[in-house]
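Please read the structure below before turning to the comments.
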Amino acid sequence: MKYSIATLLLILIIFSGNSQNSLFIPPILEGSKINLYVQNGSMQFLAGGETTTIGINGNYLGPTVILSRGDSVQLSVINDLDEPTTMHWHGLHVPAGLDGSPHNVIQAHAVWSPRIKVLDQASTYWYHPHLHGKTAEQVTKGAAGMIIVRDNQESALNLPRNYGVDDFPIVVQSRAFDSNNQFVVNTADDHTLLINGTIDPILKVPAQVIRLRVLNGSTNRVYNIGFQGNNQLYQIASDGGLLDSPVALTRLMLSPGERAELLLNLSGLKDQNLDMLSFGSELPNGIYGAVVPGVMGMGSIDGYSANLLNGKNFKLLRLSVTDQTAQAVTTIPSKLVLIQKPDPAESSITRNITLSASGMEMGNLNGPFLINGQSFSMERIDFSTKLGATEIWQISNMTAIAHPFHIHGLHFFITDIGGRQPDHSRQGRKDVVLVPAMQSVRLIMKFDDFSDPEIPYMFHCHMLSHEDDGMMGQFLVTGVPTGLNTLADDFAIRIYPNPFTDQLTVEASGVNPNLVTIEITNSLGQLYLQEKISAFPATLYTGNLKTGIYAISFKYGDRLLIKKIIRR
Ligand code: C2O
Ligand code: CU
Ligand code: CU
């Protein structure tokens, strides 16, 4: 039997599925001033009505921000929403006051412009809102973007780094839509995959070594990434930096918040299609994404078993291999960078951090989940550590489901997972670790550079529904400031006394008072006082404020300083 070319093509199209949306590649933003406009938008994801979204400089997701180690950058976040938000630089080693945590609220239509020095190693980071109780909602609607940090060590290696040509951002998210095509937040019905915001995507790639920067930006889902034909992948970076050498693998488990950079050698594969899958059928139970979310069949999640993605293999992305480019990388390097880990002999303390479900019920997989028996409170500092200290944190998961545990402000190394050394791919710098159900992991970390007597760093589960539900804590790094975090230097501002009672004085030099606005908000971002200043020193009358912790923001043009103040 003979088929015409047209018939063969038709058969090909039918059997190759309907991968026909070309993968969206977010534009690049770089330089010493980065402007991120958080805005309402809408997108045509599905047939029928458009979906209401939140995008950054666009309708869904944000630009890929490229930073170079050693540079000073002003990151301005312009909140064009009608509600407060924050913008967290996930993985970046910045002072707590510039971290974009729930303590750095940006009011509706306000601007926040932290100036940071890039101290991190070349790797893939990301940014996303972190408003307490609203993180899942704002991220689900699309507010997130990738950050690529470059440095000299990475530049000296023969690696693909031509963005959108041989080096690609791959943001993996699962979403649920209601019958009006609107996003549903915090549901186990997340069965639609968006890769960089594209449904059923196809990406043209050259026939050479390519680099995939994979970010799991999902609310709860864990992926088990690999290729249909079990193609060899080489992981070169984990969350916070390059590995010592490429790790050959065919599967990579990636939990919410985690990143990995993968090399794939497509030399000689021109005209072939390769499908990137999540091999959900191979996930052990006790993980969101496996057949059963609880270990040993314990517990259930409302609506989970009805979601056909769970425990199944499904396609994330199709690669369509085309011509090689002029300066193609065609080999996988054998060595990458030297990794320096903190010395366990120097660790001063082992902190025990316990993850549990409310009521200590192991089989409760719907939450809320607790850390050290408590739900998050903005007003409670869970512990303090000292600048310069090396610490071991033991995270013990007393629940039947794995939780991706994340720490702000630094990177850690995993010393063991359930008593075993982590595999090679998890021996590098990390900021998220998936803590298996009913097991413990130990992490070692050193607190360098930044201290703050008032503003804490966060640690939390990166399943955003768990985080919003209170599976979060906060710690201070205390000690002599190094000078890197004195943002106030730019303004020479003094706000006193602190704690205060019925009056507060604000002084500043080198600042035109007519351009200054002062705001006092509580930890939920509710506004208590807003004043224009006409001269310094200025007196604020605070007699009607109840005792508690407040944030005072000093706005000067598009610059902003936020400080914690205490009302006695
Ligand atoms: Cu990406 Cu505190 O989070
Ligand atoms: Cu973070
Ligand atoms: Cu969790």
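Just so you know, ligand 1 is whichever comes first in the structure, and atom 1 is the first atom listed for that ligand.
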Inset, instruction - Start with the C-alpha distance between Ile407 and Phe475, add both sets of side-chain angles, then the distance that settles side-chain contact (heavy atoms from CB on, under 4.5 Å), and finish with yes or no. - result: CA-CA 10 Å; Ile407 308 176; Phe475 65 98; 3.9 Å; yes
Legend entry - Distance (rounded to the nearest 0.5 Å) between Ser218 OG and Tyr223 OH: 2.5 Å
Inset, instruction - Please name the atom of His466, restricted to N, O or S, that is closest to the Cu ion (ligand 3). - result: ND1
Inset, instruction - Please check if any side-chain donor atom of Glu261 sits under 3.5 Å from a side-chain acceptor atom of Thr124, or the reverse. - result: yes
Legend entry - Salt-bridge present (Asp167, Arg161; N to O < 4.0 Å): no
Inset, instruction - Please determine if Asp452 and Lys564 form a salt bridge, counting it only when a charged side-chain N lies under 4.0 Å from a carboxylate O. - result: no
Inset, instruction - With the Cu ion (ligand 3) at the centre, find the angle made by SG from Cys461 and ND1 from His403, to 10°. - result: 130°
Legend entry - N, O or S atom of His462 closer to the Cu ion (ligand 3) than 2.8 Å: no
Inset, instruction - Sort by chain and number the protein N/O/S atoms that are closer than 2.8 Å to atom 2 (Cu) of ligand 1, and list them. - result: His130 NE2, His408 NE2, His460 NE2
Inset, instruction - Using the six-membered ring of Phe412, assess whether NZ or CZ of Arg429 lies under 6.0 Å from its centre and within 45 degrees of the ring axis. - result: no
Legend entry - Residues Glu258, Lys430: salt bridge by 4.0 Å N-O rule: yes
